[in-house]
Structures are given as structure tokens and as C-alpha cells.
Amino acid sequence: MEADILNKNNVRTRFAPSPTGHLHIGGARTALFNWLFARHHGGVFVLRIEDTDTSRSTEQYIEAIIEGMKWLRLDWDEGPYRQTERFDIYKRYVDRLIDEGKAYYCYCSAEELEQRRKEALSHGRPPRYDGRCRDLKGPVPGRTPAVRFRMPEEGETIVDDLIRGRVVFENAQLDDLIIMRSDGTPTYNFTVVVDDADMAITHVIRGDDHLNNTPKQMHIYRALGCDVPLFAHLPMILGADKTRLSKRHGATSVMAYREMGYLPDALVNYLVRLGWSYGDQEVFSREELIEKFSLDNAGRSAAVFNPEKLLWLNSQYINKGTSEELAGYVMPFLLKGGIIQEGQSIDMGWLSKAIDTLKERSRSLLELAHSLRYYIAEDIEFDPKAKEKFLNEKSLPYFRTILDRLRALDRFEAAEIEKVFMGIIEKQGIKLGQIAQPVRVAVTGNSVSPGIFEVIEIVGKDKTLRRLERAIALIKSPII
RNA sequence: GUCCCCAUCGUCUAGCCUGGCCUAGGACAUCGCCCUUUCAAGGCGGUAACACGGGUUCGAAUCCCGUUGGGGACGCCA
């Protein structure tokens with residue numbers, strides 16, 4: 001059956017988030033798998049907003065989800081469809097099911113149901129609907145009914161999951177679920193079926209938490225006379241304590257990762273490896289992912305979200321990025337960090353050169369921006385420890401010498417600067433570290449930086465001389 | 001409580017379907033060494049896992065059963 005669908009080359013997948021929050025890590029992974037599957041098969045990827053819970057859905061979250069999708073570059077071919085715009089369609093199908101006796105009105109109130117559920121749970125019984133309105137002859141006066149779907153009471157339902165294999169459910173376990181609320185709005189388990197059928201979705205790839213809903217949905221498909229799509233249930237993403245990933249575990253919103261200086265490709269790469277692998281390969285370009293992605297090597301067990309590994313991957317991507325690209329990416333961070341001002345002009349060629357020295361030691365754009373400060377800003381801030389260790393009387397004579405020599409230097413380039421340093425250590429009979437470290441602190445404020453000669457070149461003659469002068473002044477009167 | 005899913009280093013995973021090539025491979029993290037003006041990056045090396053118990057088999061990480069552990073679902077949420 002699958003081969004059939006694939007041969008027709010009409011794979012259609014969808015991502016169907018509910019706009020009750022930002023796009024989170026788990027949702028993004030689901031979206032990614034659907035996107036990759038569609039792209040791999042040359043199919044269609046649909047975005048559908050499941051906003052039937054009008055009390056919890058907001059416009060703001062719809063925009064946030066779309067923003068997240070765009071940032072991750074998970075482009076969709078159709079949509080975003082919105083279920084709230086399709087209420088007439090669901091209504092039509094509900095009416096049809098009622099006419100055919102496949103659904104019925106339920107007059108139990110939400111409060112009564114809640115009461116019975118709690119009671120059942122406290123007595124250790126399955127909290128299922130007891131079916132009391134199933135065979136009602138007429139309406140109950142003074143009540144607005146909800147509509148329930150009539151599930152089969154015996155037999156079993158088989159889900160042939162693309163990832164889990166065959167999963168068997170006893171129909172006796174399924175209860176008659178509400179497909180339309182008493183206020184006339186349809187519910188998830190119904191709309192998802194109507195839409196997936198209507199939108200001709202061939203592969204439903206979603207979180208594990210939906211596996212139990214699948215048999216119920218299959219009965220709805222059949223009642224509607226529609227083809228049942230293929231299902232693939234992805235394992236959950238857990239936090240470090242092995243419980244479902246949530247805010248408690250730190251940032252879960254995709255946008256939070258953008259703000260922390262992650263590259264979208266790095267996040268995508270990290271996410272795809274949560275539940276999918278390709279031999280020993282860790283780093284994949286998008287093209288490779290599209291080419292290599294298959295549900296065959298999707299995993300079945302839950303994965304713990306590991307921020308450390310994501311950071312490492314991010315560093316890989318920052319390392320690989322060209323300095324020109326990185327210059328563009330880091331701009332918002334420089335602005336936000338007050339390192340450059342809005343409207344301030346900055347030489348992009350020069351910035352790229354500075355980034356070149358920093359990118360292999362930055363794991364995020366935030367770190368990159370932070371390091372860029374001493375290249376760009378007029379004044380530097382000293383790391384107290386570095387200052388104490390290296391800006392002292394002992395290095396004062398070296399500072400004076402280096403200041404004079406650099407002042408006299410015409411070609412202010414790394415190679416020339418190096419010659420100046422080498423000349424001094426030779427003459428004084430000292431090690432490079434004895435002079436390079438104090439200068440590093442004087443010029444960058446830190447005991448850590450890229451190679452000091454290139455740093456000096458990029459910082460430039462004026463600023464370097466000023467900083468050396470300031471260091472000398474500081475040593476002479478430490479109160480400043 | 002009922003149902004469903006899952007089970008290899010701390011973490012992500014390869015291997016499992018099609019038993020022997022596994023004295024279990026890779027990656028992150030961690031430790032050590034090398035490189036080195038510092039920090040990274042890089043290179044080299046180390047520590048570290050088949051949850052347990054029964055089967056089946058000449059042989060089991062791989063197949064079967066059970067136990068235990070973890071996760072999920074059971075909504076007029078999605």
C-alpha cells in the first residue's frame with residue numbers, strides 16, 4: 001500500500017499545530033520530520049492551524065508559530081489552513097454521521113462528566129464514558145447536547161504504524177468521543193480526520209502521544225467512507241529527568257534558541273538526530289537530509305534533549321559559516337548588546353576579518369557578539385583577574401617599549417607586528433608569553449583572545465596605542 | 001486503575017528485522033597527552049553501556065516469554 005502511494009509520487013504530509021503556545025522543540029521536530037519526508041519524496045507539505053479550541057487559541061501564537069517555521073526554513077506548499085474557517089465542513093459531516101446513526105446527541109453536562117470521571121478514577125476504574133445517551137429516544141429538555149461518535153464495542157483495531165509496527169487495540173477500550181461540543185464547535189479527533197482526509201494527507205507523522213487516538217480516528221475515517229492514511233508515531237522528547245520536555249527543563253520555544261544565538265541549521269540538525277540517524281554521521285546539510293531522510297531509520301525510544309550537544313553542533317555551524325554570512329547573522333546581537341548603535345556605519349569587510357579570528361572559538365552568535373566588543377567598542381572592560389595578574393609593575397617596561405615600537409610602525413599588519421614582538425623578546429631574552437599576555441589584557445581586557453598579532457592589526461593602530469597608554473597609566477596609578 | 005509505547009556508555013545513537021563479522025562502533029560531555037603567546041579549534045588516547053530472569057539455539061545485544069523500570073493516553077484540550 002505504501003509502495004503504491006509512493007509510486008504515484010503524491011506524498012502529502014502536514015504539520016498541524018494548535019496555536020496555544022509558541023512553536024516548541026517537540027513541535028518543531030514533528031514539523032521537520034513531516035517536511036523532510038515530503039521533500040524527500042517530492043511531495044507536498046501542508047501547514048494547518050488547529051484552532052478549534054477558540055478559548056485557548058490566539059492570533060499571536062499563530063504568528064509565532066509561522067515565524068518559527070520560517071526561521072527554521074521549513075517552508076510549506078499549502079496553507080496555513082485554519083480550522084476555524086472550515087466549521088461548515090465539519091458541521092456537514094457531523095450531520096451526516098447523525099443521520100446515518102453513526103453519531104448521536106449526548107445530553108450529559110460537562111460538569112456531570114467531570115464528576116463521573118473523577119469518581120471512576122478514585123475508585124480505580126477506567127474513566128470512560130458510560131454510553132448512557134447512546135440509545136436515547138428523544139432530546140432532554142433544557143439541555144444543549146454535544147455530539148458523540150459511536151465506537152464499535154467489540155473486535156479489535158489494528159494500526160500498522162510505519163515506525164512501531166503492528167499495534168493492536170481492543171475496541172472495547174475505545175469510548176464514544178465527543179466530536180462536536182454543545183456550543184457547536186467541532187473537536188480535535190474529528191477535525192483532524194476530516195481535514196487529513198479532505199486534504200488528501202497520505203502520511204500522518206506525529207508524536208507518540210497520539211498513538212492511542214489512532215484507532216478512534218481510524219473508525220471515524222471508515223464511518224466517513226474515507227481512505228485511512230499511513231501513520232508514523234515519533235518518540236517523545238524528554239528533559240534531563242526523563243519526563244516530557246517542558247519549561248522546567250529550560251528553553252523550549254524555538255524562538256528562544258534564536259535569541260540565544262543558535263543558527264537554524266544547527267537546531268534542525270540537532271532535532272533530526274533526536275529519533276533519526278544515518279549510520280555514524282552527525283552533521284548533515286539540508287540537501288543531505290532531504291536526500292537521506294527515511295522513516296526506516298527512525299528510532300522508537302524517547303530521547304532526552306541535550307543542550308550541550310546542540311551547543312556543540314552550533315559551534316560546528318558557526319565554524320563552517322563564512323565570515324560574511326556570520327557578519328549578517330551577528331548584527332542583531334551587536335545591536336541588542338549595545339556594541340554598535342542603530343544607524344552606526346560599520347565596515348563589513350573589516351567586520352568579516354574580525355569574525356574570522358573569532359568564529360572558531362565561538363559556540364553561539366551571542367558569544368561571537370560578546371567577543372566582538374573589544375574589536376568594535378571604543379573602551380574595553382577589564383576582567384579583574386586578568387588585570388591583576390598581567391597589568392603590573394613587572395610588565396611596565398615592556399609596555400613602554402612595545403608602545404614606542406608600534407607607534408613607529410607604518411605597516412600596521414599582523415606580520416609586521418609579530419616582528420616587533422619577536423625583536424623585543426630576543427633582545428630582552430624573555431618568552432613571548434611574558435609580553436603577549438600583558439598586551440592581550442591591555443588590548444582586549446581578557447587573558448583570552450585570538451592570536452595577539454592579528455587582534456592588534458584588526459583593532460587598529462589608534463585604538464591599540466590608546467589602550468596601551470591607558471594600561472600604562474593604570475599601572476602607574478591603580479586607583480583609576 | 002485500564003490501555004498503549006519504549007528499554008545499548010551520563011546523553012544522542014550504530015548494531016537488532018535477515019542470530020556468529022560485537023573482546024559492542026560513532027558523537028556530545030568528561031579525563032589525560034600533543035600542538036601552542038592565551039583560549040579555542042585540531043590530533044591522539046582513556047573512563048564508560050547490551051536493565052534483570054527464564055527460554056529457543058552449537059551460538060543471543062540481536063528471536064520468544066516474563067519481571068522491573070521509564071514514558072504516554074484515558075478532556076465538551078490538541
Side-chain angles (χ1 to χ4, degrees), chain A residues 16-20 50-53 55-57 106 108-111 113-114 117 120-129 144-148 159 161 163-165 167-170 172-175 177-183 185-189 191-192 207-215 233 235-236 238 240 242-244 270 273-283 296-297 299-313 315 319 358-363 386 390 418 421 425 431-437 439-441 444 446-453:
Chain A
S18 137
T20 52
E50 310 227 321
D51 53 353
T52 55
D53 183 355
S55 63
R56 293 201 306 152
S57 301
C106 173
C108 302
S109 72
E111 294 71 34
L113 258 13
E114 181 57 25
R117 185 175 309 114
L121 237 21
S122 70
H123 286 78
R125 288 197 312 270
R128 299 197 359 262
Y129 176 63
T144 343
V147 178
R148 281 186 192 271
V159 179
D161 191 276
I163 292 174
R164 316 267 148 192
V167 185
V168 181
F169 295 87
E170 292 289 330
Q173 297 289 337
L174 313 175
D175 59 350
L177 46 83
I178 287 177
I179 57 177
M180 186 176 276
R181 302 180 183 94
S182 47
D183 66 1
T185 59
T187 61
Y188 165 74
N189 274 299
T191 58
V192 74
D208 218 354
D209 46 343
H210 288 288
L211 186 53
N212 288 302
N213 287 328
T214 308
H233 288 94
M236 301 273 91
L238 312 176
K242 301 242 184 197
T243 63
R244 198 192 181 109
Y270 179 71
R273 287 282 291 100
L274 250 29
W276 181 82
S277 61
Y278 190 82
D280 287 340
Q281 192 171 344
E282 295 287 351
V283 182
D296 292 343
N297 31 35
R300 292 156 302 260
S301 50
V304 173
F305 185 79
N306 183 352
E308 290 278 351
K309 189 160 182 180
L310 169 58
L311 229 206
W312 171 77
L313 260 174
S315 74
N319 224 313
L358 252 18
K359 66 183 191 184
E360 76 179 15
R361 63 201 77 213
S362 304
R363 293 180 300 175
F390 294 107
E418 180 169 2
F421 275 72
I425 64 165
K431 287 189 166 185
L432 182 54
Q434 287 176 264
I435 179 166
Q437 279 304 86
V439 170
R440 190 190 308 280
V441 176
T444 71
N446 287 294
S447 55
V448 170
S449 85
I452 189 62
F453 312 127

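Computation of the quantities below employed the complete heavy-atom set of this structure, encompassing side-chain atoms and omitting hydrogens, waters and symmetry-equivalent molecules.
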**Q** Taking atom OH of A/Tyr129 as the centre, report whether more than 12 heavy atoms of other residues, nucleotides or ligands fall under 6.0 Å from it.
**A**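 Above 12, so yes.
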
**Q** Without decimals, in angstroms, what is the distance between A/Asp53 CG and B/C77 C1'?
**A**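 The distance from CG of A/Asp53 to C1' of B/C77 comes to 6 Å, rounded to the nearest Å.
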
**Q** When you measure from the side-chain N and O atoms of A/Arg361 to the phosphate of B/G42, is any distance below 4.0 Å, counting only OP1 and OP2?
**A**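 Indeed not, no polar side-chain atom of A/Arg361 lies that close.
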
**Q** Need one value for A/Leu113: base, sugar-phosphate or nothing, where a base atom within 4.0 Å counts as base even if backbone is also close, heavy atoms only.
**A**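 Contact class for A/Leu113: base.
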
**Q** Any sub-3.5 Å donor-acceptor pair from A/Gln434's side-chain atoms to A/Lys431's backbone N or O?
**A** yes

**Q** Could you give the distance separating B/A14 and B/A27 at their P atoms, to the nearest angstrom?
**A** 15 Å

**Q** Salt-bridged, A/Arg148 to A/Asp175, with N to O below 4.0 Å?
**A** no

**Q** Among B/A78, B/U38, B/A14, which nucleotide sits nearest the side chain of A/Asp280?
**A** B/A14

**Q** Base, sugar-phosphate, or nothing for A/Ala110, non-hydrogen atoms under 4.0 angstrom?
**A** base

**Q** Could you walk me through whether A/Tyr188 and A/Glu50 pass the side chain to side chain contact (heavy atoms under 4.5 Å, CB included) check?
**A** CA-CA 8 Å; A/Tyr188 165 74; A/Glu50 310 227 321; 3.3 Å; yes

**Q** As an exercise, state the distance from CG of A/Leu311 to CG of A/Asn306, rounded to the nearest 0.5 Å.
**A**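 Nearest 0.5 Å value for the CG-CG distance: 10.0 Å.
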
**Q** Look at A/Ser277 and B/A14 and indicate whether a side-chain polar atom (N or O) is within less than 4.0 Å of OP1 or OP2.
**A**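 True: A/Ser277 side-chain N/O within range (under 4.0 Å) of B/A14 OP1/OP2.
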
**Q** Counting side-chain heavy atoms from C-beta on, which of B/A78, B/G70, B/U37 comes nearest to A/Arg181?
**A**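 The answer is B/A78.
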
**Q** Between the side chains of A/Arg440 and A/Thr444, does any donor sit under 3.5 Å from an acceptor?
**A** no

**Q** For A/Thr52, report the nucleic acid contact type (base, sugar-phosphate, nothing); a contact means any heavy atom under 4.0 Å.
**A** sugar-phosphate

**Q** Both distances below 3.5 Å, Watson-Crick or wobble geometry, any strand: find the nucleotide opposite B/C33.
**A** B/G43

**Q** What is the separation between atom CG on A/Leu432 and atom P on B/U38, rounded to the nearest whole Å?
**A** 8 Å

**Q** For A/Ser362 and for A/Leu121, locate the closest nucleotide of RNA chain B by heavy-atom distance; then report the residue assigned to the nucleotide nearer the 5' terminus.
**A** A/Leu121

**Q** With a 3.5 Å limit on both atom pairs, tell me what B/C17 is paired to, counting Watson-Crick and G-U wobble, or say none.
**A**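 Its partner: none found.
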
**Q** Between B/A41 and B/C31, how far apart are the P atoms? Round to whole Å, please.
**A**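 Here B/C31 and B/A41 have their P atoms 13 Å from each other.
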
**Q** Could you check whether A/Asp208 and A/His233, counting side-chain N and O atoms only, form a donor-acceptor pair closer than 3.5 Å?
**A** no

**Q** Would you indicate what A/Gly275 reaches in the nucleic acid, counting non-hydrogen atoms under 4.0 angstrom: base, sugar-phosphate, or nothing?
**A**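 Result for A/Gly275 = sugar-phosphate.
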
**Q** Taking only the P atom of each, what is the distance from B/A49 to B/U8 in whole angstrom?
**A** 14 Å

**Q** Assign A/Cys106 to base, sugar-phosphate, or nothing according to its heavy-atom contacts below 4.0 angstrom with the strands shown.
**A**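 Answer is nothing: A/Cys106 stays at 4.0 Å or more from every strand.
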
**Q** Check the interface with nucleotides 3-5 of chain B: list each N/O to N/O pair with the protein under 3.5 Å, or write none.
**A**
unit_1: B/C5; atom_1: O2'; unit_2: A/Arg164; atom_2: NH1; d: 2.6

**Q** Tell me if the side-chain of A/Thr187 makes a donor-acceptor pair with the base of B/C76, cut-off 3.5 Å, by modelled atom types.
**A** no

**Q** So, OP1 or OP2 of B/G75: does either fall under 4.0 Å of a side-chain N or O from A/Arg117?
**A** yes

**Q** Using modelled atom types and a 3.5 Å cut-off, is there a donor and acceptor pairing between side-chain atoms of A/Arg117 and backbone atoms of A/Ala120?
**A** no

**Q** Please give the nucleotide sitting opposite B/G69 as a Watson-Crick or G-U wobble pair, both distances under 3.5 Å, or none.
**A**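 Check on B/G69: paired to B/C6, both distances under 3.5 Å.
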
**Q** Under a 3.5 Å cut-off for both distances, is B/C74 Watson-Crick or wobble paired, and to whom?
**A**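 Matched B/C74 with B/G1 under the 3.5 Å cut-off.
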
**Q** How far does the P atom of B/U57 sit from the matching atom of B/G43, given to the nearest Å?
**A**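 Result for the P pair: 49 Å, nearest Å.
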
**Q** With a 4.0 Å cut-off on heavy atoms, is A/Asn297 in touch with a base, just the backbone sugar-phosphate, or nothing at all?
**A**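 No contact.
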
**Q** Base, sugar-phosphate or nothing for A/Ile452? Non-hydrogen atoms, less than 4.0 Å.
**A**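 Result for A/Ile452 = base.
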
**Q** Can you tell me which nucleotide in B/C12, B/U37, B/C74 comes closest to the side chain of A/Pro127?
**A**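 Given the options B/C12, B/U37, B/C74, the side chain of A/Pro127 is closest to B/C74.
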
**Q** Remember a base hit wins even if backbone is also touched, and classify A/His210 as base, sugar-phosphate or nothing at under 4.0 Å, heavy atoms.
**A**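 Base, at least one base atom sits under 4.0 Å.
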
**Q** Applying a 3.5 Å limit to both distances, which nucleotide forms a Watson-Crick or G-U wobble pair with B/U11?
**A**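 With both distances under 3.5 Å, B/U11 matches B/A27.
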
**Q** Between B/A61 and B/U23, how far is it from one P atom to the other, in whole Å?
**A** 9 Å

**Q** Is there a donor-acceptor pair under 3.5 Å between the side chain of A/Arg128 and the backbone N or O of A/Gln173?
**A** yes

**Q** Output the rounded distance in Å from CD1 (A/Ile179) to C1' (B/G75).
**A**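 Atom CD1 in A/Ile179 sits about 16 Å away from atom C1' in B/G75.
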
**Q** Which listed nucleotide (B/U2, B/U37, B/C12) is nearest to the side chain of A/Phe453?
**A** B/U37

**Q** Expressed as a whole number of Å, how far does the C1' atom of B/G46 sit from that of B/C64?
**A**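 Straight-line distance between the two C1' atoms is 39 Å.
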
**Q** Using whole Å, what does the distance between atom C1' of nucleotide B/A29 and atom NZ of A/Lys309 come to?
**A**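 Rounded to whole Å, this separation is 10 Å.
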
**Q** Please report, rounded to the nearest Å, how far the C1' atom of B/C76 is from the CD1 atom of A/Ile178.
**A**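 It works out to 4 Å between those atoms.
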
**Q** How close do A/Leu274 and A/Val304 get, heavy atom to heavy atom, and via which atoms?
**A** CD1-O, 4.3 Å

**Q** So A/Thr20, base contact, sugar-phosphate only, or nothing? Heavy-atom distance under 4.0 Å.
**A**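 No contact.
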
**Q** Mind calculating the distance between CH2 (A/Trp276) and P (B/U13) to the nearest angstrom?
**A**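 Those two atoms, CH2 and P, are 12 Å apart.
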
**Q** Determine the interatomic distance between C1' on B/C17 and the same-named atom on B/A73; round to the nearest Å.
**A** 28 Å

**Q** Kindly say if A/Lys359 contacts the phosphate of B/A41, meaning a side-chain N or O under 4.0 Å from OP1 or OP2.
**A** no

**Q** Using whole Å, report how far CD of A/Glu308 lies from P of B/C28.
**A** 12 Å

**Q** Taking the nucleotide of RNA chain B with the nearest heavy atom to each, does A/Trp312 or A/Arg244 sit closer to the 5' end?
**A**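 Upstream on the strand: A/Trp312.
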
**Q** Starting from C1' on B/G15, measure out to OH on A/Tyr278 and report it in whole angstrom.
**A** 16 Å

**Q** Return the pairing partner of B/U56 with a 3.5 Å limit on both distances, Watson-Crick or G-U wobble; otherwise return none.
**A**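 Checking every strand shown, B/U56 finds no partner, since no pair has both distances under 3.5 Å.
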
**Q** With no angle test and no hydrogens, is the base of B/U37 tied to the side chain of A/Arg440 by a donor-acceptor pair under 3.5 Å?
**A** yes

**Q** Where do A/Ala386 and A/Ser447 come nearest, in terms of heavy atoms and distance?
**A** CB-N, 3.8 Å

**Q** NA contact type, A/Ser301, heavy-atom cut-off 4.0 Å: base, sugar-phosphate, or nothing?
**A**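 Touches sugar-phosphate only.
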
**Q** Please evaluate the base of B/G26 for a donor-acceptor partner in the side chain of A/Gln281 within a cut-off of under 3.5 Å?
**A** no

**Q** When you compare B/G10 with B/A48, how far apart are their P atoms, in angstrom units rounded to a whole number?
**A** 10 Å

**Q** Mind checking side-chain contact (heavy atoms from CB on, under 4.5 Å) for A/Asn319 and listing every partner two or more places apart, or none if nothing turns up?
**A**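 Listed in chain order: A/Glu360.
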
